[in-house]
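Here the structure comes first, spelled out in structure tokens, and everything after it is commentary.
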Amino acid sequence: MTETTPAAVQVAAAAMTESPMWGTVLVTSRSFSSGAQDLVARLATAGLEVVRGPASHDLGALQAALATAVAWIAGTGPVTDDHLAQAPNLRVVARYGVGVDAVDLRAAAARGVTVTNTPGANSDAVADHSLGLMLAALRGTVPGDRGVRSGDWGVRRGRELGSLTVGVVGFGRIGQGVARRLTGFGTEVIAHDPYINETGAKALGVRPVSLEELAERCDAVSLHAPGGHCVVEAAFLDRARSGLVVVNTARADLVDEAAVAAALRAGRLGGYAADTLAAEATVGTSPLLAEDLAPMVVITPHIGAQTVEAVDRMGSAATADVIAVLSGTNPAHPVRPQEEQ
């Protein structure tokens, strides 16, 4: 990732204030400018006023703000052609995060709107959280806490990371970060990724394997693949070692939740820990939230990227790219439709 220095932002801001391109920036990320850096003030220095909108990107609620916005720092909600049609002055959509699957890139390009993202800004935060969830699942941290609070000091025996083989599915920035952390425990790490960098994997002491071999050899699996396909489904679970622990800090659709729940009840899985669920809007709809599975399941509410450092990196990168585009210079992290890449 290209680092955004305060000096670079000030230069871009100076160019901005010398131009007539003033206006409002729509911000729909809840955590923007909530870290140690005052990014709202940085935008104000560039002559830009921040207007907040809902993270859901509800079109009706955003209509008035879109009508005047020259830039949009967008959260995880959809950015569709219908949104863009309501924004005649919009010049840049700065996705606050790395994923752009919710952004209609072709519609943006057709309307002359630049799209950017913040690659690598939250990689360390998510890798840390992945390891934390893995340790919590392996050591029974959450059910242990619940037990003590109810007067039960019964011991639940766990396993040590250094004695295990851990599979990493998806070997991009976050997957590699998880692998680096695991090597400090003495863990054997194997990885599956159809586009894996074998040189990088070798440098980390990680052996690339097929998904089938990964399922058969691992004691724990950490998921970091892009969404759009299911990885942990019935066939994967049938191959898996008894007692496998699965960690998912990526996308909910990588996991067949019903199949995982059945495997937990059957004793074939040792635990499941995730930062996401398939049906998050409706409480209690996931089979993994069943009361009888509570001792084996840990779910966190999308906090993987929520560190002060990651929030600052994402916000600073998005801010710098907004100022760059509006001042007529090239942004550090442009994202183009697939056919243009």
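Position 1 is the first residue of the sequence, and the numbers go up from there.
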Problem - Test item: D275 side-chain N/O and H302 main-chain N/O as donor-acceptor pair under 3.5 Å - result: yes
Exercise for the section: Determine the sole option in D292, L293, V298 for which the side chain to side chain contact (heavy atoms under 4.5 Å, CB included) test with M296 is passed. Expected result: L293
Problem - H333 and T118, any side-chain heavy atoms less than 4.5 Å apart - result: no
Practice task
Could you tell me whether a side-chain N or O of S34 sits under 3.5 Å from a main-chain N or O of R30, the two making a donor and an acceptor?
Solution key: no
Problem - Donor-acceptor under 3.5 Å (R91 side chain, V325 main chain) - result: yes
Exercise for the section: Measure the acute angle between the ring planes of W72 and H57, then classify it against the limits of 30° and 60° as parallel, tilted or perpendicular. Expected result: tilted
Exercise for the section: Could you tell me which non-hydrogen atom of V206 sits nearest to which non-hydrogen atom of A191, and how far apart they are? Expected result: CG1-CB, 3.6 Å
Practice task
Look at the side-chain heavy atoms of Ile, Leu, Val, Met, Phe, Trp and Tyr, link any pair under 4.5 Å apart, and say whether V93 and L59 land in one connected group.
Solution key: yes
Handout entry: Test: E213 and R207 ion pair at under 4.0 Å
Key = yes
Exercise for the section: Check the side chains of T165 and R241 for a donor-acceptor pair under 3.5 angstrom, ignoring hydrogens and angles. Expected result: no
Exercise for the section: May I ask you to say whether R139 pairs ionically with E160, meaning some side-chain N is under 4.0 Å from a carboxylate O? Expected result: no
Problem - 4.5 Å side-chain heavy-atom contact, L43 and I323 - result: yes
Handout entry: Separation of Q37 CD from R313 CZ (nearest 0.5 Å)
Key = 10.0 Å
Fill in the blank from the handout: When rounded to the nearest 0.5 Å, the distance separating OG1 of T68 from CD of Q86 is 12.0 Å
Problem - Hydrophobic cluster membership, L326 vs L39, 4.5 Å side-chain cutoff - result: yes
Problem - Close side-chain approach of V70 to T24, heavy-atom, < 4.5 Å - result: no
Problem - R251 with D101: basic N within carboxylate O range, under 4.0 Å - result: yes
Problem - Note: R106-D81 ion pair, threshold 4.0 Å (strictly below) - result: no
Practice task
For V221 and C218, work out which heavy atoms get closest and say how close.
Solution key: CG2-CB, 4.0 Å
Handout entry: Beyond-backbone contact of L244 with F236, side-chain heavy atoms, under 4.5 angstrom
Key = yes
Problem - Distance, nearest 0.5 Å, that separates NE2 of H192 from CG of L214 - result: 8.0 Å
Handout entry: Side-chain ion pair, R42 and D38, N-O less than 4.0 Å
Key = no
Problem - Heavy-atom check, side chain of V25 versus side chain of I73, under 4.5 Å - result: yes
Problem - Residues L223, V255; criterion side-chain contact (heavy atoms from CB on, under 4.5 Å); working and verdict - result: CA-CA 9 Å; L223 302 177; V255 172; 3.6 Å; yes
Problem - Single-linkage hydrophobic cluster, 4.5 Å side-chain cutoff, V209 and V168 together - result: no
Exercise for the section: Compare every heavy atom of P337 with every heavy atom of A109, then report the nearest pair and how far apart it is. Expected result: CB-CG, 4.0 Å
Practice task
Could you walk me through whether T307 and D128 pass side-chain contact (heavy atoms from CB on, under 4.5 Å), step by step?
Solution key: CA-CA 10 Å; T307 65; D128 281 356; over 6 Å; no
Practice task
Answer yes or no: is there a side-chain heavy-atom contact under 4.5 Å between V245 and D219?
Solution key: no
Fill in the blank from the handout: d(L182 CG, L204 CG) to nearest 0.5 Å is 10.5 Å
Practice task
Search all heavy atoms of A273 against all heavy atoms of A137 and return the closest pair with its distance.
Solution key: CB-CB, 4.3 Å
Exercise for the section: Over all heavy atoms of both residues, which pair between V98 and P119 is shortest? Give the atoms and the distance, please. Expected result: CG2-CA, 3.9 Å
Handout entry: Side chains of L90 and L84 in contact at under 4.5 Å (non-hydrogen atoms)
Key = yes
Exercise for the section: May I ask you to decide if D321's main-chain N or O and T116's side chain share a donor-acceptor pair within less than 3.5 Å? Expected result: no
Practice task
Using the side chain to side chain contact (heavy atoms under 4.5 Å, CB included) rule, pick out the option among N248, L237, L254 that qualifies with V232.
Solution key: L237
Exercise for the section: Considering non-hydrogen atoms only, spot the tightest contact between A261 and L288 and give its length. Expected result: N-CD2, 3.9 Å
Exercise for the section: Go through the steps for E257 and S286 under the test side-chain contact (heavy atoms from CB on, under 4.5 Å), then give the verdict. Expected result: CA-CA 7 Å; E257 294 181 358; S286 172; 2.8 Å; yes
Practice task
Using modelled atom types only, decide if a donor and an acceptor are shared between the side chain of T187 and the backbone of V189 within a distance under 3.5 Å.
Solution key: no
Practice task
Indicate yes or no for a side-chain donor-acceptor contact from N122 to the backbone of A305 under 3.5 Å, with no hydrogens or angles considered.
Solution key: no
Handout entry: Sole residue of V260, D256, D238 in side chain to side chain contact (heavy atoms under 4.5 Å, CB included) with E233
Key = D256
Fill in the blank from the handout: Rounded to the nearest 0.5 angstrom, the CG-CE distance for N117 and M314 is 11.5 Å
Practice task
For atom CD of E212, decide whether the heavy atoms of other residues, nucleotides or ligands shown that lie under 6.0 angstrom number more than 12.
Solution key: yes
Problem - Donor-acceptor pair, side chain of T114 and main chain of V92, under 3.5 angstrom - result: no
Handout entry: Between S222 and H224, a side-chain donor and acceptor under 3.5 Å
Key = yes
Practice task
Would you mind reporting whether S31 and Q306 have side-chain heavy atoms less than 4.5 Å apart?
Solution key: yes
Handout entry: Neighbour count above 12 (heavy atom, 6.0 Å) for E216 CD
Key = yes
Exercise for the section: Please assess N197 against F171 for the test side-chain contact (heavy atoms from CB on, under 4.5 Å), listing each intermediate value before the final yes or no. Expected result: CA-CA 8 Å; N197 181 329; F171 207 64; 5.9 Å; no
Problem - Backbone N/O of A294 and side chain of R146: donor-acceptor pair under 3.5 Å - result: yes
Fill in the blank from the handout: Rounding to 0.5 Å, atoms OG1 (T276) and CD1 (I299) come to a distance of 8.5 Å
Practice task
Answer yes if V246 and L135 sit in the same cluster of Ile, Leu, Val, Met, Phe, Trp and Tyr residues linked by side chain heavy atoms under 4.5 Å apart, and no otherwise.
Solution key: no
Handout entry: Cluster link I174 to V100, ILVMFWY, side chain under 4.5 Å
Key = no
Practice task
May I ask you to decide if G177's main-chain N or O and R181's side chain share a donor-acceptor pair within less than 3.5 Å?
Solution key: yes
Handout entry: Any donor-acceptor N/O pair, T300 side chain to I303 backbone, under 3.5 Å
Key = no
